[in-house]
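Heads up, the thing below is written out as structure tokens.
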Amino acid sequence: MEVSPSLSSGGQSGDNQERHHRFSQIFRKFAQRFKHFSSSNESTNVYSMNVKPSGTGSAETHPRKRALLCGVTYNKKKYMLKGTVNDVKSMREFLISQYGYPEECIRVLTEDEKEDIFSPTKKNIQESLKWLVEGSESGDSLVFYFSGHGLRQPDFNNDERDGFDETICPVDFMQEGMILDNEINSTIVWPLKQGVTLHAIVDACHSGTILDLEYIYNPEIKKWEDNSAPSKARKSTSGGIAICLSACDDDKMAADTTAFTGKAMAGAMTYLMIETIKKDPEITYGHLLERMREMVDQFNDKSCLGKFLPTVFYHRKIQNALLSSSETFEVYAKKFLL
């Protein structure tokens with residue numbers, strides 16, 4: 001007489017028990033991996049781009065490299081931007097890999113940062129601008145980067161040739177106000193000592209003369225033009241040099257776009273500058289402007305045919321970058337170096 005398979009107290013045959021045991025082992029391994037994956041995601045969400053931000057003082061060695069990177073998204077506002085944090089991430093990686101900036105000497109202000117001191121508020125940006133130049137000595141290289149909204153307002157001091165002051169907009173500018181070009185100039189341009197180099201890279205609307213520097217380069221005639229204050233107000237350094245690359249002229253608007261990346265939003269100037277220099281690390285200022293202009297013209301020509309226009313923030317055409325400086329130099333001889 002054939003004996004039917006006996007059932008365990010769990011109600012399964014021996015073969016079923018074996019299969020259940022193997023399934024349980026697989027499930028436990030999957031659960032462990034899922035837990036690890038979840039933990040990794042959580043850590044990614046709280047990841048900070050600030051790594052022991054350096055202070056100032058005699059303990060620091062010179063020459064040194066120091067950078068302040070600000071990306072303002074204006075979360076949950078009607079005027080929210082989508083590419084600014086991507087811009088900051090790109091700039092940070094670019095400074096570290098291309099120019100050897102130490103991570104601990106790069107201060108990042110974005111709304112993704114969890115600590116309040118790294119939020120791009122007006123107060124934090126003002127204090128960080130002071131931090132950027134404080135204690136700088138001959139041979140130091142400094143970078144100020146801003147990606148966000150820029151505006152302009154009437155100039156009542158007769159120190160602007162076009163009659164307008166340019167501004168950058170902190171995350172709380174509706175409550176605390178904007179930061180004017182006059183203040184930026186007095187904070188990070190005036191203090192520059194002999195041998196100190198400051199680069200400002202500003203990817204914002206109306207950013208052409210955001211540093212109020214004394215000379216603007218005109219690529220059409222390949223000459224520097226005077227941008228000194230009609231009122232004779234000071235715009236100069238204390239012997240160092242300040243160079244600014246802006247996304248557009250003072251009366252133009254910059255673009256947030258996926259046109260070049262294909263997916264992620266990014267400031268057009270930031271993307272074009274980084275990619276151009278990566279392809280030619282020995283490039284000069286003049287050739288950098290030329291190649292960026294060529295890519296912008298190609299894009300705008302296609303936009304006129306209606307092929308890429310929807311990818312640009314507010315359907316704007318991409319503008320050409322503007323170069324300004326506290327002193328003139330041979331743009332086709334001087335290598336672009338941060």
Quick one: closest heavy-atom pair of [X] and [Y], and the distance?
X: Lys65; Y: Gly100; answer: CD-O, 4.0 Å
X: Asp203; Y: Ala247; answer: OD1-CB, 3.4 Å
X: Asp159; Y: Ala233; answer: CB-CB, 4.1 Å
X: Lys122; Y: Pro170; answer: N-CB, 3.4 Å
X: Gly267; Y: Asp87; answer: N-OD1, 2.8 Å

How about Phe173 and Tyr79: are their ring centroids closer than 6.0 Å?
-> yes
Check: Asn75 main-chain N/O paired with Thr73 side-chain donor or acceptor under 3.5 Å | no
Acceptor/donor pairs from residues 211-219 side chains to any protein atom, 3.5 angstrom cut, sequence neighbours excluded:
from: Asn218; atom 1: OD1; to: Glu220; atom 2: N; distance (Å): 2.9
from: Asn218; atom 1: ND2; to: Glu225; atom 2: OE2; distance (Å): 2.9

Examine Leu180 and Leu132 and state if one hydrophobic cluster contains both, with Ile, Leu, Val, Met, Phe, Trp and Tyr joined whenever side-chain heavy atoms are less than 4.5 Å apart.
->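 No; tracing contacts between hydrophobic side chains, which count when under 4.5 Å, never links both residues.
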Do Trp190 and Val133 sit in the same hydrophobic cluster, where Ile, Leu, Val, Met, Phe, Trp and Tyr count as joined when their side-chain heavy atoms come under 4.5 Å apart?
->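 Result: no, two separate clusters.
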Pick from Ile125, Val189, Ile168: which one makes a side chain to side chain contact (heavy atoms under 4.5 Å, CB included) with Ile184?
->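 Single pass found, and it is Ile168.
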For Ser228, side chain to side chain contact (heavy atoms under 4.5 Å, CB included) partners two or more places apart = Arg161, Asp226
Could you tell me whether the side chains of [X] and [Y] share a donor-acceptor contact shorter than 3.5 Å?
X: Tyr74; Y: Thr84; value: no
X: Thr187; Y: Glu183; value: no
X: Thr276; Y: Arg291; value: no

Parallel, tilted or perpendicular: ring planes of Tyr99 versus Phe94, cut at 30 and 60 degrees = perpendicular
For Lys89, look at atom NZ and say whether over 12 heavy atoms of other residues, nucleotides or ligands are found less than 6.0 Å away.
-> no
Using a cut-off of 6.0 Å, state whether more than 12 heavy atoms not belonging to Lys223 lie near its atom NZ.
-> no
